[in-house]
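Scroll down for the structure; my scribbles are underneath it.
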Amino acid sequence: MAAGTVVSRATGLIRQVLQAAALGTGLLATTYNQANTVPTSLYFLLIGGALNSVLVPQLVRARAEDPDGGAAFEQRLVTLVLCVLGAGTAVATWAAPAIISVYQRDTPATHDAFELTVVFARFLLPQIFFYGVFSIFGQVLNARNRFGAMMWTPVLNNLVLISMFGLYLGLMTAPEQVSDITDAQIRLLGVGTTIALALQALALIPYTLAAGFRFRPRFDWRGTGLRKSVNAARWTLLFVLANLVAGTVVTRLASAADATLPRAGVGYTAYSYAQQIWMLPQAIVTVSLVTALLPRMSRAVTEDRLDDLRADLSRALRISGVIIVPAAFFFLAFGSQIARLLFAHGTVDAAGTVPLGHMLQAFGLGLIPFSAQYLLLRAFYAFEDTRTPFRMALWISSINIALAIGCHLLLPPRWAVTGMAAAYSLSYAIGLLLTALRLRRRTQGLLDGRRICRTYAKLTAAATAAAGTGWFIARSCGQGLASASWTPALSLTAGGIALVLVFLLFARILRIGELRSLPGLS
């Protein structure tokens, strides 16, 4: 799973670099990125949140308890999901202007950008249905303990998008502002992006057939246990809604910064690029662990083995921390070099990447509570408790919204969105504390807290020394190099190698036993 995720994220990073080279990091890129974000948000609001957190435990239970091994339950569930998403996709595409108006204002000064975002949205909103196809068949595979396909098929999506942006850059003149983009470019971006996701979704079907799943539409939903799924999904819907409201507020405020400084790269696109890079370690390590861990924790709860549940959580937190903690300090130390290396190409110059680098640094240390909180929430889902995660999301989203509004009102446009990145990290740090306290009561005992805190304290000490050393070496290399084009690559390489070596040295000195869990370091 981790290998598939690494390849998927690596090709995704290449796609992101080409996208930035083609569209930049300013207002033009924001029109495409906002339209491309809407299908994901609506999918999770419609049913995606329930699929990813509620239904896996119920699929596992149905396979263990139903006389037919859960086959009828799976067929009814897949039918229900496809019907909901088909109807939702049609309505959303029709209502595209109203949906986009939630994310950005339609004023005389921004009308062209608003209209372009709506046009992109009409091309991209059919992705809602394909997100659902990918997720429901992926969860059917997960319930059968087959995790690899769901991690590898996104590579196909990225390869199509890489080809699309490569074609865009090679055959067309890259526009620098909203008024420069042509109808042919809009069609290429809109149709190509949706086709890429459709291929990713449909590629899972052969794997589900090989796993023994046979789809037959079933509409006999009454009295079959789906009511329990719907009731559980109600709280998950509210959970998604809380996060969506916070994300929408940040998107709208960040878009205002783009409208004020349309070519400075200080708004939503820079924020979203920085956030995607920042989440790479969590996606590779934590998500892979959780994908395998959730069915296992669900079985432990079903069999009343709470000690095993606590042991699994503790081990997952400590093992993921070996990667997550130094990665967080890596972003803090080298945010500027990373941004310049990846995005100072095509329509973006070196100066245009500076705000993005600062946002990446502001996100930095928030990776630690973000990843840990993601893990802890899955324990509640193993208990089929979706109310508590909603309450935690409500706290986190409320704090994030309050801090983001404060940044918008008190900081100049150049720094407002950077402040929002730091606010996001702070909100998850508070949320982690609240979640840990709730989970301790839910599991009727300690969560191995002393051992976890001791491990993270050692990891933080090692990562702090490593990041300081790496930053000093990268800065020294950057000042000593004459070629500006090679400066970020060489300084980042030198600083990164120093960070890894110093971290491993201090980890050995501090006797961080979880280090042996990494391949080649046992």
Side-chain angles (χ1 to χ4, degrees), residues 4-5 7-20 22-23 29 31-49 51-52 78 81-93 96 99-100 117-142 148-168 185-208 240 244 247 272-273 275-276 279-280 283 287 291:
T5 306
V7 176
S8 174
R9 295 293 172 166
T11 52
L13 186 59
I14 295 171
R15 182 263 306 163
Q16 192 175 30
V17 169
L18 289 174
Q19 179 180 334
L23 300 178
T31 62
Y32 172 82
N33 286 326
Q34 278 190 355
N36 203 24
T37 300
V38 171
T40 310
S41 301
L42 292 181
Y43 155 71
F44 275 103
L45 185 61
L46 284 169
I47 207 165
L51 278 178
N52 291 340
V78 172
V81 168
L82 295 183
C83 289
V84 170
L85 288 173
T89 299
V91 172
T93 304
I99 293 171
I100 295 302
T117 308
V118 171
V119 173
F120 275 133
R122 292 197 188 278
F123 280 110
L124 301 177
L125 280 167
Q127 292 182 52
I128 295 172
F129 181 79
F130 294 111
Y131 274 121
V133 172
F134 176 75
S135 291
I136 187 60
F137 285 120
Q139 301 302 357
V140 167
L141 287 170
N142 288 348
M150 200 174 183
M151 300 300 181
W152 281 96
T153 47
V155 175
L156 179 61
N157 181 357
N158 289 328
L159 291 177
V160 174
L161 292 176
I162 287 170
S163 301
M164 181 190 75
F165 284 113
L167 183 66
Y168 184 99
Q185 290 170 324
I186 295 171
R187 286 193 297 271
L188 174 63
L189 294 172
V191 175
T193 304
T194 299
I195 287 177
L197 186 64
L199 291 175
Q200 171 185 316
L202 297 177
L204 275 185
I205 294 178
Y207 293 98
T208 59
V240 173
L244 183 59
S272 64
Y273 285 171
Q275 190 176 49
Q276 290 172 43
M279 292 179 68
L280 283 175
V287 173
T291 302

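Heads up: numbering here begins at 1 and tracks the sequence. Only this structure's heavy atoms are used, side chains among them; waters, hydrogens and symmetry mates stay out.
Nearest heavy atoms, Gly132 versus Leu85: CA-CD1, 3.0 Å. The nearest pair of heavy atoms linking Ser272 to Gln16 is O-NE2, 4.5 Å. Scanning all heavy atoms of the two residues, the minimum distance from Leu125 to Pro39 falls at CA-CG, 3.9 Å. Across every non-hydrogen atom of Asn157 and Ala196, the tightest pair is OD1-CB, 3.0 Å. Heavy atoms only, all atoms of each residue included: Pro126 and Thr89 are closest at CA-CG2, 3.6 Å. When all heavy atoms of Ile186 and Phe123 are compared, the closest pair comes out as CG2-CE1, 4.0 Å.
For the residue pair Tyr207 and Thr153, no side-chain donor N or O sits within less than 3.5 Å of a side-chain acceptor on the partner. A donor-acceptor contact closer than 3.5 angstrom is absent between the side chains of Gln127 and Tyr43.
Using cut-offs of 30° and 60° for the angle between ring planes, the Phe120 and Tyr32 rings count as perpendicular.
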>> Please determine whether side-chain contact (heavy atoms from CB on, under 4.5 Å) holds for the pair Ile100 and Val38, giving the CA-CA distance in whole Å, both sets of side-chain angles, and the decisive distance to 0.1 Å.
In response: CA-CA 8 Å; Ile100 295 302; Val38 171; 4.0 Å; yes

> Checking side-chain contact (heavy atoms from CB on, under 4.5 Å) for the pair Leu161/Thr193: CA distance, chi angles, key distance, verdict?
Replying inline: CA-CA 6 Å; Leu161 292 176; Thr193 304; 4.0 Å; yes

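Distance check, rounded to the nearest 0.5 Å: CZ of Arg15 to OG of Ser8 gives 9.5 Å. Taking CZ of Phe137 as the reference point, atom CE of Met150 lies at 12.0 Å (rounded to 0.5 Å). Leu197 contributes atom CG, which lies 11.0 Å from atom CD1 of Ile128 (distance to the nearest 0.5 angstrom). We find the CZ-CG distance between Phe165 and Asn158 to be 10.5 Å, quoted to the nearest 0.5 Å. A distance of 5.0 Å separates CG of Leu23 from OH of Tyr168, quoted to the nearest 0.5 Å. Summarising the geometry, atom CG belonging to Asn36 is positioned 8.0 Å from atom OG1 belonging to Thr194; distances are rounded to the nearest 0.5 Å.
Partner Ile99 forms a side-chain contact (heavy atoms from CB on, under 4.5 Å) with one of Val118, Thr93, Thr117, Leu42 and no other, that one being Leu42.
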